[in-house]
> 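Shown below is the structure under consideration.
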2 protein chains.
Amino acid sequence: MKTVNPQKSLVEQTYDILVEAICVGTLKPGERLTQDAVAARLNVSRQPVNAAIGLLRANRLVESAGRRGVVVAGLDPDLLRDIYDFRSVVEPLAVTLAGRRGLTEAEIAEGRGIIAEGWQALRKGDEPGMVRADVAFHTLLYRLSGNCVIEETMRVYWTHIRRAMSAILRSRERYPETVWDQHDRIFAALCAGRVEDSAAILREHLLGSFANIAGHPLGPPDPQRADG
Amino acid sequence: MKTVNPQKSLVEQTYDILVEAICVGTLKPGERLTQDAVAARLNVSRQPVNAAIGLLRANRLVESAGRRGVVVAGLDPDLLRDIYDFRSVVEPLAVTLAGRRGLTEAEIAEGRGIIAEGWQALRKGDEPGMVRADVAFHTLLYRLSGNCVIEETMRVYWTHIRRAMSAILRSRERYPETVWDQHDRIFAALCAGRVEDSAAILREHLLGSFANIAGHPLGPPDPQRADG
DNA sequence: CGATTGCATTTCGTATACGGTATTTCATAT
DNA sequence: ATATGAAATACCGTATACGAAATGCAATCG
């Protein structure tokens, strides 16, 4: 029979809701959040909201506004550059470690499934689907590395990457069509044991992804437009 | 004139106290912590303790024990291996970025000061001093990189590295005498602009540091000895 | 003697209250 | 019109209370 699903705490639920709203753009950069307002909106008390906002602050998704709540952090080009510099060494390490430990048949199948979903989303022009598959693909690489530090560190920073991706897609820019070809080749090389090839293609992929993001004006938002 | 030092919140103070106790070994692996006990000990209410323990849990310094509080995490050899694998790519990136942006005279002086303190601590056999200087040296590299992702990520993991260092020193193992020679050479090469040399010495340094840690039995503690 | 069940205790999540601090608004003086 | 001071308001940190959930232990049954 089915097992009982453990309930997420109110803190976790609150955090997830706010992260999602920030990533998809429902909560815009510069928008102010107070604990009372969020608590009223989500029909909980201030205590779990305080804890969730503490996590958002720690993950740099919001910034303190003195004793006037917090504001949703802007898309910071400097932070994104730091994240991509970071990725440029961490993700090749991830595929190196993954190649070293080898992939199981199930893991190979899982990777191919994610890539198939990415291709399908590209065919359909399903941009949110492409973002989801993109996240799933890179998260898989971290998991395959078997290195929990890579996995946990990147989980935090992917919220920022997702925000940038969503912002770019909202401005009607196209999702680069080379992405899934590159994902395909990265994974194929990894499965074939050609780890250095895989790492090289990954570095190229990251350079391209960052060039796409850097070429898009994500500068600090006009505060007057916070209510836009 | 001097600026007013803003008071640290009770949450921050509680977290710092607990981290310090875990790092220096006052709180031992396997030791159980409940919110009521910590609150009574520190003379605060449970609320800031709950928040601080949440951060400790997120930083893997404690582990949940169901509805029986948390336990201080053991020194996990797998986690330390993951951290050192991670460092092996992140720290060379840090010196690469530092070399790219160049060092100011003040930064060069600061680095030399830290290294001098390290040598002095070595001469005096001041092991806590050596650990502090070690932390300060690597933290300086992260800061010099100008990459906030490196800086913040490594800040978390250095609590684990410090724990391992403290455990090794408590077992009367000697602090490797090559450490400060290597720090000296890493920094000298960086200051001279020989970034690849600096990165190469750093990698060698990390291999040695990890070999030192890996060679020391840090395995999961005997739970019966939690009260030791 | 081992397994099961019921009950008491411990612990935590979260709601609410209170006080302090920072910020904003308004009134007054120049 | 501008500056300044006082008052009001908004917000957050933290204390406390309450209820739910998990755990441990003892009694009972097979």
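In what follows, chains are A, B, ... by sequence order, proteins preceding strands, each numbered from 1. Computed over heavy atoms, backbone and side chain alike; hydrogens, waters and symmetry mates excluded. Since the structure is predicted, the reported quantities are computational estimates derived from the model, not experimental observations.
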> Centre-to-centre under 6.0 Å for A/Phe86 and B/Phe86, is that the case here?
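For A/Phe86 and B/Phe86, the ring centres are under 6.0 Å apart.
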> For B/His183 and B/Trp180, take the angle between the two ring planes, folded into 0 to 90°, and tell me which bin it lands in: parallel under 30, tilted 30 to 60, perpendicular over 60.
perpendicular
> Quick one: B/Ile53 CD1 to C/dT14 P, roughly how many Å, whole number?
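In whole Å, C/dT14 P lies 15 Å from B/Ile53 CD1.
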> Below 3.5 Å is the cut-off: list the nitrogen or oxygen pairs between protein and nucleotides 16-22 of chain C, distance only.
{"from": "C/dA17", "atom 1": "N6", "to": "A/Arg46", "atom 2": "NH2", "distance (Å)": "3.4"}
{"from": "C/dG20", "atom 1": "N2", "to": "A/Arg67", "atom 2": "NH1", "distance (Å)": "2.5"}

> Counting only side-chain nitrogens and oxygens, does B/Asn50 get under 4.0 Å of the OP1 or OP2 atom of C/dC12?
no
> Any salt bridge between A/Glu20 and A/Arg162, counting N to O under 4.0 Å?
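Yes, this pair counts.
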> Of the options D/dC11, C/dT11, C/dT14, whose atoms approach the side-chain atoms of A/Thr34 most closely?
D/dC11
> Within a strict 4.5 Å, meaning less than it, do heavy atoms of the B/Leu202 and B/Leu141 side chains meet?
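In contact.
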> Atom CG of A/Leu33 and atom C1' of D/dC12: how far apart are they, to the nearest Å?
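Computing the A/Leu33:CG to D/dC12:C1' distance gives 14 Å.
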> OP1 or OP2 of C/dT10 sitting under 4.0 Å from any side-chain N/O of B/Gln35?
no
> Taking the inter-plane angle between the rings of A/Tyr84 and A/Phe210 on a 0 to 90° scale, is it parallel (under 30°), tilted (30 to 60°) or perpendicular (over 60°)?
tilted
> For the side chain of A/Gln13 and the backbone of A/Lys8, is there at least one donor-acceptor N/O pair under 3.5 Å apart?
yes
> What is the distance, to the nearest angstrom, from the CG atom on B/Asp36 to the C1' atom on C/dG13?
13 Å
